[in-house]
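Down below is the structure, laid out as structure tokens.
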Amino acid sequence: MVGVVQVVQGVLPHMRERGSGHILDIGSMGGHVSLPTMAVYCASKSAVQNLTEGLALELAPLGIHVTLLEPAGFNTNFTSNSRMPARSIPDHASSYAAMTRFHGDAVRGDLVKSMAAIADITGIDEPPLHLALATAGLEMVRGRFTELMDEYARWESVTAGTD
């Protein structure tokens with residue numbers, strides 16, 4: 001997150017001077033859908049999402065666009081440095097097993113097609129604030145949003161009681 005802020009701080013003076021620009025932040029569908037054993041990663045991507053959305057509101061009047069690129073995963077070496085904990089905690093075994101299954105069953109996006117889609121949205125008049133990369137991740141997020149709205153609806157009377 002610190003790196004994202006530092007890069008934005010580095011390019012913004014030049015974009016403000018030109019009165020135009022397009023910042024592309026790398027988020028993740030994990031910013032919307034947290035997964036067991038990946039809570040810290042997902043929390044960091046949630047932070048990037050909120051930074052991007054706030055920046056977009058601040059920078060739009062200056063002619064500067066901001067897009068959050070949200071991949072769901074690609075066939076890369078991203079997880080090559082991942083390790084199981086040094087000490088196994090039996091209480092968490094089911095979480096690790098679930099993530100092993102999820103990782104094995106996950107449908108990955110096409111990296112080349114994704115990069116082409118990103119290139120296509122740069123330089124256009126109205127780029128998206130959010131760009132999902134791969135439909136599998138988009139479906140996960142849609143499911144999560146449905147769950148979230150259902151939960152809010154179930155507890156709406158309690159919420160109303162706090163006014």
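Heavy-atom basis, side chains included; hydrogens, waters and symmetry copies ignored.
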Treat each ILVMFWY residue as a node, draw an edge where side-chain heavy atoms are under 4.5 Å apart, and state whether Met115 and Ile124 are in one component.
-> yes
Residues at least two apart in sequence or cross-chain that pass side-chain contact (heavy atoms from CB on, under 4.5 Å) with Thr135, listed by chain then number, are none
Check whether any side-chain heavy atom of Leu133 lies under 4.5 Å from a side-chain heavy atom of Asp110, and answer yes or no.
-> no
Atom CG of Leu131 and atom OG of Ser114: how far apart are they, to the nearest 0.5 Å?
-> 8.0 Å
Does the side chain of Met15 reach to within under 4.5 Å of the side chain of Val11, using non-hydrogen atoms?
-> yes
Which heavy-atom pair separates Ala72 from Ala134 by the least distance, and what is that distance?
-> CB-CB, 4.5 Å
Same cluster (ILVMFWY, side-chain, under 4.5 Å), Leu129 and Val48 | no
Interatomic distance, CG@Asp150 vs OG1@Thr146, rounded to 0.5 Å, equals 6.5 Å
Does a side-chain heavy-atom distance below 4.5 Å link Arg16 with Pro13?
-> yes
Apart from Val158 itself, residues in the same hydrophobic cluster as defined by side-chain heavy atoms under 4.5 Å = Trp155
Thr52 meets the side-chain hydrogen bond (donor to acceptor under 3.5 Å, both in side chains) criterion, sequence neighbours left out, with Asp25
Interatomic distance, CE@Met38 vs OG@Ser44, rounded to 0.5 Å, equals 9.0 Å
Which other residues belong to the hydrophobic cluster containing Tyr152, where Ile, Leu, Val, Met, Phe, Trp and Tyr are joined when side-chain heavy atoms lie under 4.5 Å apart, directly or via other members?
-> Leu148, Met149
Extract all donor-acceptor atom pairs below 3.5 Å that involve side chains of residues 56-70 and protein atoms in other chains or at least two apart in sequence.
unit_1: His65; atom_1: NE2; unit_2: Asp125; atom_2: O; d: 3.3
unit_1: Thr67; atom_1: OG1; unit_2: His22; atom_2: NE2; d: 2.7
unit_1: Thr67; atom_1: OG1; unit_2: Pro128; atom_2: O; d: 2.6
unit_1: Glu70; atom_1: OE1; unit_2: His130; atom_2: ND1; d: 3.3
unit_1: Glu70; atom_1: OE2; unit_2: His32; atom_2: NE2; d: 2.7
unit_1: Glu70; atom_1: OE2; unit_2: His130; atom_2: ND1; d: 3.2

Non-hydrogen atoms of Gly30 and Lys45 that approach each other most closely | C-CB, 4.3 Å
For a quick test of your reading: what N or O donor-acceptor pairs under 3.5 Å do the side chains of residues 3-10 make, sequence neighbours left out?
none

Report whether Leu111 and Ile26 are members of the same hydrophobic cluster (ILVMFWY, side-chain heavy atoms less than 4.5 Å apart, transitive linking).
-> yes
Can you find a pair of side-chain heavy atoms, one from Ser34 and one from Tyr41, that are under 4.5 Å apart?
-> no
